[in-house]
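Okay, so here's the structure we're looking at.
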Number of protein chains: 2
Amino acid sequence: MAAVTAPKQDRSRATRQRLLEAAVACLAEHGWAGSTVAVVAERAGVSRGAAQHHFPTREDLFTAAVEYVAEERSQALRALPRRDRHEAVAALVDLYTGPLFRAALHLWVAASDEAQLRDRVTELEARVGRESHRIAVELLGADESRPGVRETVQGLLDMARGLGLATLLTDDRARRERVVAQWARLVNEELA
Amino acid sequence: MAAVTAPKQDRSRATRQRLLEAAVACLAEHGWAGSTVAVVAERAGVSRGAAQHHFPTREDLFTAAVEYVAEERSQALRALPRRDRHEAVAALVDLYTGPLFRAALHLWVAASDEAQLRDRVTELEARVGRESHRIAVELLGADESRPGVRETVQGLLDMARGLGLATLLTDDRARRERVVAQWARLVNEELA
DNA sequence: CGAAAAACAATCAAGCATGCCTGCATGATT
DNA sequence: AATCATGCAGGCATGCTTGATTGTTTTTCG
């Protein structure tokens with residue numbers, strides 16, 4: 001952790017927040033290489049100097065952005081409504097098609113080549129992954145003591161990731177819904 | 001476009017080939033931003049000037065690399081041996097954990113922000129995707145006339161994509177094999 | 001109210017990647 | 001054999017991004 005300063009100022013906190021939000025938005029829209037500190041700062045409505053004040057280096061900025069994304073995704077996860085299994089599967093998949101996942105995807109790919117980011121990303125992603133699994137089990141009413149159930153849920157989440165990856169290029173919602181419907185059926189039978 | 005002429009010189013063809021191979025390897029190892037034309041040229045054992053001679057712009061180089069990767073993946077796909085369903089699922093998933101998929105993944109993410117590349121990538125990926133589906137159906141001995149079978153196979157391929165994406169950061173083979181085993185079972189029951 | 005500290009803005013220098021251009025070597029054509 | 005086209009190598013200039021420095025404004029606290 002770099003920031004030893006506890007943010008007491010409201011304006012400072014707001015600026016920092018806007019920078020992180022802008023960083024995530026830029027990641028989702030322009031990707032890693034396109035998310036220059038100048039671009040992020042402009043989108044946040046502050047100067048590059050301000051950005052540098054809060055995050056001395058570009059790496060600091062996106063390291064913080066990684067944690068921000070992880071926290072946001074975690075919140076989105078906990079906010080899922082609990083309904084029947086089909087709705088649960090659809091809701092889980094939807095989490096992997098939004099801008100947050102898009103930003104996370106760019107971060108993953110970028111982190112796979114930047115040694116510094118990789119550790120942070122893998123660690124946080126493992127945390128979010130475990131939380132996703134836990135919540136998925138809960139939403140689906142799965143009994144993990146039964147053999148195979150754990151792997152069934154994991155595979156379902158991996159499928160959701162794959163669908164999100166496919167959505168990156170072409171947002172074929174119709175196909176997605178058909179696959180979700182069928183896999184919800186499969187999972188439902190397996191968990192019954 | 002300058003010389004659309006068929007390459008008559010052997011040396012020229014070899015150089016072009018090595019440049020493409022180097023581009024793919026660099027993509028898998030250093031990602032999009034790290035795959036500078038200088039880096040690619042050095043890995044190919046040629047000068048930057050030679051690289052520029054064959055691919056006037058960096059975009060030309062990676063546009064060609066996209067097609068090269070698509071063709072390689074297509075070949076790897078057709079080379080899959082046909083065994084029982086469990087082996088088939090494992091083989092399909094394996095295709096999404098190698099360097100070719102890794103390179104393709106970097107290309108997808110990069111293409112999602114570069115308008116020029118996007119068209120080429122989506123087009124070629126659609127082709128490879130269809131071929132993947134066709135071969136998967138064949139390997140699994142699936143009867144697509146039955147409702148739900150098509151979506152089952154599609155979801156399986158999406159799961160493979162998701163597993164490959166997860167492998168980008170942490171290569172957890174044990175987890176992958178467990179998931180593959182379980183879902184091979186589920187798919188087998190569904191297709192029976 | 002005044003001073004210190006923090007937040008913010010703007011400019012500067014350095015590094016790097018791309019694209020262009022020139023020069024040289026090798027193979028093809030007549 | 002002569003000439004031309006092609007493949008290849010290296011240097012040059014431009015543009016962009018980053019990180020550092022300096023100056024200005026705002027907030028906080030004595």
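Order of the sequence lines sets the chain letters (A, B, ...), proteins ahead of strands, with each chain counted from 1. It should be emphasised that the depicted structure is a prediction, and the values quoted were computed from it without experimental measurement. Hydrogens, waters and symmetry mates play no part in the numbers below; they use all other heavy atoms, side chains included.
A/Arg120 has a carboxylate O that lies under 4.0 Å from a charged side-chain N of A/Glu123, or vice versa, which qualifies the two as a salt bridge. A salt bridge links B/Arg78 with B/Glu71: the distance from a Lys NZ or Arg NE/NH1/NH2 to an Asp or Glu carboxylate oxygen falls below 4.0 Å. In summary, B/Glu29 and B/Arg43 engage in a salt bridge, as defined by a charged side-chain N under 4.0 Å from a carboxylate O.
A donor-acceptor pair shorter than 3.5 Å can be found between the side chains of B/Arg185 and B/Gln182.
With D/dC8, C/dT11, C/dA9 as the candidates, the nucleotide lying closest to the side chain of A/Arg48 is C/dT11. Distances from the side chain of B/Ala50 to the nucleotides C/dA7, D/dA9, C/dT18 place D/dA9 closest. The nucleotide whose nearest atom lies closest to any side-chain atom of A/Arg58 is, among D/dG19, C/dT18, C/dA7, D/dG19. In the set C/dC8, D/dC8, D/dG19, C/dC8 carries the atom at the smallest distance from any side-chain atom of A/Thr15.
Rotation axes derived from the C1' atoms of the five outermost pairs at either end of the helix from C/dC1-D/dG30 to C/dT30-D/dA1 lie 10° apart, to the nearest 10°.
Every residue two or more places apart in sequence or in another chain that forms a ring pair (Phe, Tyr, Trp, His ring centres under 6.0 Å) with A/Phe101 is listed here: A/Tyr96, A/Trp108.
Donor-acceptor pairing under 3.5 Å, judged by distance alone, is absent between the side chain of B/Gln52 and the base of D/dC8.
Remark: the backbone N or O of B/Val128 is paired with a side-chain donor or acceptor of B/Ser132 at under 3.5 angstrom.
At a non-hydrogen distance threshold of 4.0 Å, B/Thr36, B/Val37 from residues 36-45 of chain B come into contact with DNA chain C.
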Test log, rule side chain to side chain contact (heavy atoms under 4.5 Å, CB included), inputs A/Gln116 and A/Thr63: CA-CA 9 Å; A/Gln116 294 282 33; A/Thr63 299; over 6 Å; no

